[in-house]
Structures are given as structure tokens and as C-alpha cells.
Amino acid sequence: MRRVQGLLGVIALIGLWWLLAVTVFAGGGAVPTPGAVLSAMGADGWAFYGPNISATLTAAVQGFLWGNGLAIGVALLVLLVPRLEAVATQLAVISYCIPLLAIGPIVLVVFGGDATVVFLAAISVFFTTLIGALLGLRSADRASLDVVTVYGGGRLARLRYVQIISALPSTFAGLKISAPSALLGAIIGEYLGSNDAGLGVSLMISQQQFQVPRTWGLALVAGLVAGLGYAIVALVARVVTPWSRGESQ
């Protein structure tokens, strides 16, 4: 039922897009019809989109791995050393609140090149995953923790046998949100001119050259790639945490 509703929503959105293109924005050229966008995408072909998607996706995946790996590592460290919680939380909030467009030029000067794109992708996912992992680690069943303690298990044993398993559903919830966020961070990094290829670079050039259908096509492809990333992480979550399906429905 949900899939049918989702499909109907997509059809309705495309219909609204077409209606606005031929009525409210007709003649202005700012909003092309879906057909015009698909035609432009077909004319550009994979020779244009393939390298750009590959460049952005490579940086986004690297940032996804670095940012989420650091977030999960910090969450585990905070659980083992509770005194670090305030510092870790403050750093996470700061990383979330600072606009990427504001910090991007500084990162570009310091690191330069492709590292800026990876860094912005990583910082885009850090906060969400850290909070999800912390909440999950703290949601462990108290009775299960007591059983491990009774059998002589210490803090590491409780973490290994109870808390990590309990943290998986909420951690994966953060990872699902992080997948599109990593792509967005990579595109913003490319917008700053820190790369020679990618969806962000192509978007900027298309805007400057007033290639409206291509700009819409690139935006559409970016949205599809972000949605695909979300779907892949969601699929992995369903496989790894089958017991949490009922909670998410």
C-alpha cells in the first residue's frame, strides 16, 4: 500500500510540475516541462552524466564513510568515558549549525582540491549519526545489562553483547538520513570550485550558461542518486536488523 501511495505521489508531483510549466511559468523558460528536461537528458547522454555522477558519488561515499565512522567511534568512546559526552555533543552541534557555504572556503584554503568535497560530505553526516548512535547505545535493556554483569561481564562485555545490538536500529536510522546528506555536502563542495568534475560543477556551469533544461536534469539526477543512497542503506538495515521492522512501520 505504501508503495502505491508513493507512486501516486510521484505521478501527482510530475503532473503539478507539468501544469505549472505550461501555465504559471509558460514563456518564461525558468521551468521547463518534464518532457523538455528528459529530452535534454537524452541529448546529453551517459557520456555527460556518467563522469559527473562518478566524481560526486566517489567523494560522497568517502565522506559518508569518514563522517559516519568518526561519529560511531565518538559515540562508543562517550559510552566508555562518560565525561567526554559534553565535549562531543558540543562539537557535534557546532558541526551541524555551521553553514557549509561559510566553512567551505576555509576548508578549501586549508586542504584544497578533492579533500574539501570529502570533508564537507563528512561533516554533513556527523551530527545525525552521532545522535542516533548515542540514543541507541543508551536504549539497551537494563535487565540484559544486569545479566551480563551478573555473569562477570564488564563495561566492554555489556557494550559488545547488549548495547551495540540495541543501537543498530537507531544508528541505521541516522545512516539513512546521512546518505542524501553526504551527496548534498559533496555537491556544495563542488560548487565552491574545489573540483573539476561532478554534479555541483556541472550545475554551476549550466546556470551560468542559462542551460535551464540541463540544470533541471542535473538536479533531477542528484535527487535520484540521493534517493538511491537512502534506499540502499534502508535495505541493508532491513537485512541487518530484521527485528526492528515492526517498530519502523
Side-chain angles (χ1 to χ4, degrees), residues 1-65 100-101 104 113-114 116-118 120-121 124-125 175-236 238:
M1 186 62 180
R2 286 186 176 182
R3 294 180 180 178
V4 174
Q5 292 176 346
L7 180 60
L8 292 176
V10 172
I11 294 174
L13 182 61
I14 295 175
L16 178 61
W17 173 8
W18 177 85
L19 182 62
L20 291 175
V22 299
T23 56
V24 178
F25 299 99
V31 182
T33 63
V37 174
L38 292 177
S39 177
M41 292 175 65
D44 290 330
W46 185 252
F48 171 76
Y49 283 100
N52 289 312
I53 293 175
S54 178
T56 303
L57 194 57
T58 299
V61 170
Q62 291 179 5
F64 180 87
L65 295 176
L100 296 183
L101 289 176
D114 297 341
T116 301
V117 184
V118 176
L120 293 183
S124 298
V125 307
L175 292 175
K176 286 189 287 186
I177 300 173
S178 296
S181 299
L183 185 72
L184 176 60
I187 291 176
I188 292 177
E190 293 170 347
Y191 250 106
L192 298 174
S194 57
N195 206 342
D196 296 329
L199 295 175
V201 176
S202 299
L203 275 168
M204 181 174 58
I205 295 175
S206 298
Q207 290 175 339
Q208 293 173 348
Q209 296 178 350
F210 297 101
Q211 296 175 325
V212 179
R214 174 178 285 183
T215 302
W216 278 75
L218 287 166
L220 181 61
V221 168
L224 291 175
V225 173
L228 179 61
Y230 180 94
I232 291 175
V233 178
L235 179 61
V236 174
R238 288 176 65 89

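- S181 contributes a side-chain N or O that, together with a main-chain N or O of I177, makes up a donor-acceptor pair within less than 3.5 Å.
- The minimum heavy-atom distance between T56 and L183, with the atom names listed, is CG2-CD1, 3.6 Å.
- Residues A59 and V117 share a closest heavy-atom pair of CB-CG1, 3.4 Å.
- With a 4.5 Å cut-off on side-chain heavy atoms, F64 and V233 count as touching.
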| request: Evaluate side chain to side chain contact (heavy atoms under 4.5 Å, CB included) for L120 paired with Y191, printing each intermediate quantity in order. | output: CA-CA 11 Å; L120 293 183; Y191 250 106; over 6 Å; no
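- Not a single donor-acceptor pair under 3.5 Å links the side chain of W216 to the backbone N or O of L38.
- A side chain to side chain donor-acceptor pair (under 3.5 Å) check over residues 31-50, counting only residues at least two apart or in different chains, returns the pairs D44-R214.
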| request: Any chance you could lay out the side chain to side chain contact (heavy atoms under 4.5 Å, CB included) test for I232 and L228, step after step, and finish with the verdict? | output: CA-CA 6 Å; I232 291 175; L228 179 61; 4.1 Å; yes
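- In plain terms, the two heavy atoms of G198 and N52 that are nearest each other are N-OD1, 3.1 Å.
- Proximity of S124 to L184: side-chain heavy atoms (C-beta onward) are nowhere separated by under 4.5 Å.
- In plain terms, the two heavy atoms of L218 and S206 that are nearest each other are CD1-OG, 3.6 Å.
- Between E190 and M204, the closest heavy-atom pair is O-CE, 4.5 Å.
- The minimum heavy-atom distance linking A121 with A182 is given by the pair CB-O, 3.4 Å.
- Taken to the nearest 0.5 Å, the CD1 atom of I205 stands 10.5 Å off from the OG1 atom of T215.
- With rounding to the nearest 0.5 Å, the separation of CG in L13 from CH2 in W17 is 8.5 Å.
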